[in-house]
There are 2 protein chains.
Amino acid sequence: MKQLKYSRQRESIKSCLMSRKDHPTADAIYASIREEYPNISLGTVYRNLNLLVELGEIQKLRCGDGADHFDGDTSPHHHFICRECGCIKDLPLSDSEKINQMAQQYVDGTIDSHITYFYGVCGDCLRKTS
Amino acid sequence: MKQLKYSRQRESIKSCLMSRKDHPTADAIYASIREEYPNISLGTVYRNLNLLVELGEIQKLRCGDGADHFDGDTSPHHHFICRECGCIKDLPLSDSEKINQMAQQYVDGTIDSHITYFYGVCGDCLRKTS
DNA sequence: TTAATAATAATAATAATTATCGTTAATATA
DNA sequence: TATATTAACGATAATTATTATTATTATTAA
């Protein structure tokens, strides 16, 4: 059991993620942090993001565009992904537990959580395209 | 518009996918097809899988383990992923349209589909671990 | 039967992520 | 406070999954 040591880089990554509502990739976070810490390494960003996920302080999303996205909001909610621009928006979620229980009856095993990705076209892209 | 030409490799990939209930990765399919066509290339497997997805004949899944998985069943259903062994099991799905509509009210844009991944531990792993 | 071209195998290239490793910095303890 | 321990760092190499390139082969239309 290695004990955690404070690092200003990790703190910066976490507060960056908390302050924004988009769901940035590791690379986008890297670009953002570099404004304050120009020497930070991309590896450091990845390592800390994964660490924060393990600690349950942030959430990792795989919406299907190849890159992992990160979400500072760990409360249960859903995501909407625009097929056009790839933006990710939060959706409120009701009855998370109930949905797990409904699915549970079909499974030999235990369900503890679920992630739902909704796909479509966001309002901005709809207005652009037309 | 390029017209499609028959290929025995594509046919083999498709029937392989139809015949199995696990949700193999491109690499797993590659290994399987190689028994019949030892010279097939991994690139061919990827190209045909993506083509079949475009044609709507198969489905691509990103359950979160890094690799894409493929599913020969395109009817609407959900998936359960075991955190231990990574196996993917099908779940029946009711009210797919209703769920989209429920989410729709929170979105500026249009929702046309959704994918839900349930996470937990499968029965086999539960019995092994204990 | 031949011409046109889609699909192939082999391989190179790319993108995202993880691992390695010598150095730096945070923290525990003497 | 000084020192020892070791987590975390930056730089970079390696890995993994996937896509692109290209010369050749196979399918299909004329």
Side-chain angles (χ1 to χ4, degrees), chain A residues 1-17 22-55 57-71 81 86 88 117, chain B residues 1-17 22-55 57-71 81 86 88 117:
Chain A
M1 338 244 116
K2 60 182 166 191
Q3 66 195 5
L4 214 58
K5 268 180 188 169
Y6 172 87
S7 98
R8 58 187 65 195
Q9 289 90 339
R10 176 161 60 244
E11 213 53 36
S12 171
I13 288 166
K14 191 178 164 187
S15 75
C16 166
L17 211 46
D22 63 337
H23 301 66
T25 60
D27 211 62
I29 295 164
Y30 174 58
S32 172
I33 304 289
R34 249 149 69 102
E35 292 173 16
E36 194 183 355
Y37 299 98
N39 295 340
I40 197 172
S41 173
L42 182 55
T44 299
V45 174
Y46 271 106
R47 181 163 22 77
N48 279 297
L49 284 170
N50 285 330
L51 182 54
L52 290 168
V53 169
E54 271 181 52
L55 297 173
E57 299 186 25
I58 68 173
Q59 207 183 350
K60 188 188 283 191
L61 301 178
R62 311 210 173 181
C63 62
D65 68 351
D68 292 349
H69 292 251
F70 295 88
D71 187 348
I81 297 120
I88 306 176
Y117 298 106
Chain B
M1 338 240 117
K2 59 183 168 190
Q3 64 194 7
L4 214 59
K5 268 181 186 169
Y6 172 88
S7 99
R8 57 188 64 195
Q9 289 89 340
R10 176 161 61 244
E11 214 53 35
S12 172
I13 288 166
K14 191 179 164 187
S15 75
C16 165
L17 211 45
D22 64 336
H23 300 68
T25 61
D27 212 63
I29 295 164
Y30 174 58
S32 172
I33 305 289
R34 247 147 72 99
E35 291 174 15
E36 193 183 355
Y37 299 99
N39 295 341
I40 197 171
S41 171
L42 182 56
T44 298
V45 174
Y46 271 106
R47 181 164 25 76
N48 280 297
L49 285 171
N50 285 330
L51 182 55
L52 290 168
V53 168
E54 271 181 51
L55 296 172
E57 299 186 24
I58 68 172
Q59 207 184 352
K60 189 188 281 192
L61 302 177
R62 309 209 175 183
C63 62
D65 70 349
D68 293 348
H69 292 250
F70 295 88
D71 187 350
I81 297 119
I88 305 178
Y117 299 106

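Proteins get letters first, then strands, A, B, ... in listed order; numbering begins at 1 in each.
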If I take atom OH in residue B:Y30 and atom C1' in nucleotide D:dT16, what distance separates them, rounded to the nearest angstrom? 15 Å
Quick check on DNA chain D: between A:V45 and B:R62, whose nearest nucleotide comes earlier from the 5' end? A:V45
Report all interatomic pairs (protein N or O, nucleotide N or O of nucleotides 26-30 of chain C) with separations under 3.5 Å.
unit_1, atom_1, unit_2, atom_2, d
C:dA26, N3, A:K5, NZ, 3.4
C:dT27, OP1, A:Y6, N, 3.3

For the pair made of CZ in B:R47 and C1' in C:dA10, what is the distance, rounded to whole Å? 12 Å
Integer-rounded Å distance: D:dT19 P and A:D65 CG: 12 Å
How many Å lie between CG on A:D27 and P on C:dT18, as a whole number? 13 Å
Run A:L51 and A:L4 through side chain to side chain contact (heavy atoms under 4.5 Å, CB included) and show every step you take. CA-CA 10 Å; A:L51 182 54; A:L4 214 58; 3.8 Å; yes
Rounded to the Å, how far apart are A:H69 NE2 and C:dA16 C1'? 12 Å
Between the CD1 atom in B:I88 and the OH atom in B:Y117, the distance rounded to the nearest 0.5 Å is 8.0 Å
For B:N48 and C:dA7, is the shortest distance between a side-chain N/O and OP1 or OP2 below 4.0 Å? no
When the C1' atoms of the five terminal pairs at each end define the local axes, what inter-axis angle does the helix from C:dT1-D:dA30 to C:dA30-D:dT1 show, to 10 degrees? 30°
Among residues 33-42 of chain A, which residues get a heavy atom nearer than 4.0 Å to DNA chain D? A:N39, A:I40, A:S41
Is A:R10 touching bases, backbone alone, or none of the nucleic acid, heavy atoms closer than 4.0 Å? sugar-phosphate
Any side-chain heavy atom of B:I33 within less than 4.5 Å of one from B:T44? no
Classify B:D68 by what it touches in the nucleic acid, base, sugar-phosphate, or nothing, heavy-atom distance under 4.0 Å. sugar-phosphate
For B:P24 and B:L17 the tightest heavy-atom approach is CG-CD1, 3.6 Å
Looking only at side-chain atoms of A:Y46, point me to the closest of D:dC9, C:dT17, D:dT18. C:dT17
Test item: B:R8 and B:Y37 side chains (from C-beta on) under 4.5 Å apart, heavy atoms: yes
Would you sort out whether A:C63 and A:D65 count as a side chain to side chain contact (heavy atoms under 4.5 Å, CB included), showing the intermediate values? CA-CA 6 Å; A:C63 62; A:D65 68 351; 3.7 Å; yes
Will you find, in the side chains of A:N48 and A:K14, an N or O donor that is under 3.5 Å from an N or O acceptor? no
What is the separation between atom CG on A:L52 and atom P on D:dA8, rounded to the nearest whole Å? 11 Å
How about B:Y46 and B:Y30: do any of their side-chain heavy atoms sit closer than 4.5 Å? no
Whole-Å distance, B:E11 CD to D:dT27 C1', equals 14 Å
From the options C:dA16, D:dG10, D:dA17, select the nucleotide whose nearest atom is closest to the side chain of A:Q9. D:dG10
Residue pair A:C16 / A:I29: nearest heavy atoms and the distance that separates them: SG-CG2, 4.4 Å
Rounded to the nearest Å, what distance is computed from the CD1 atom of residue A:I29 to the P atom of nucleotide C:dA16? 14 Å
Side-chain contact test, heavy atoms from C-beta onward, threshold under 4.5 Å: evaluate it for B:K60 versus B:F70 and give yes or no. yes
Is there a donor-acceptor pair under 3.5 Å between the side chain of A:R10 and the backbone N or O of A:K5? yes
Distance (rounded to the nearest 0.5 Å) between A:H69 NE2 and A:R62 CZ: 11.0 Å
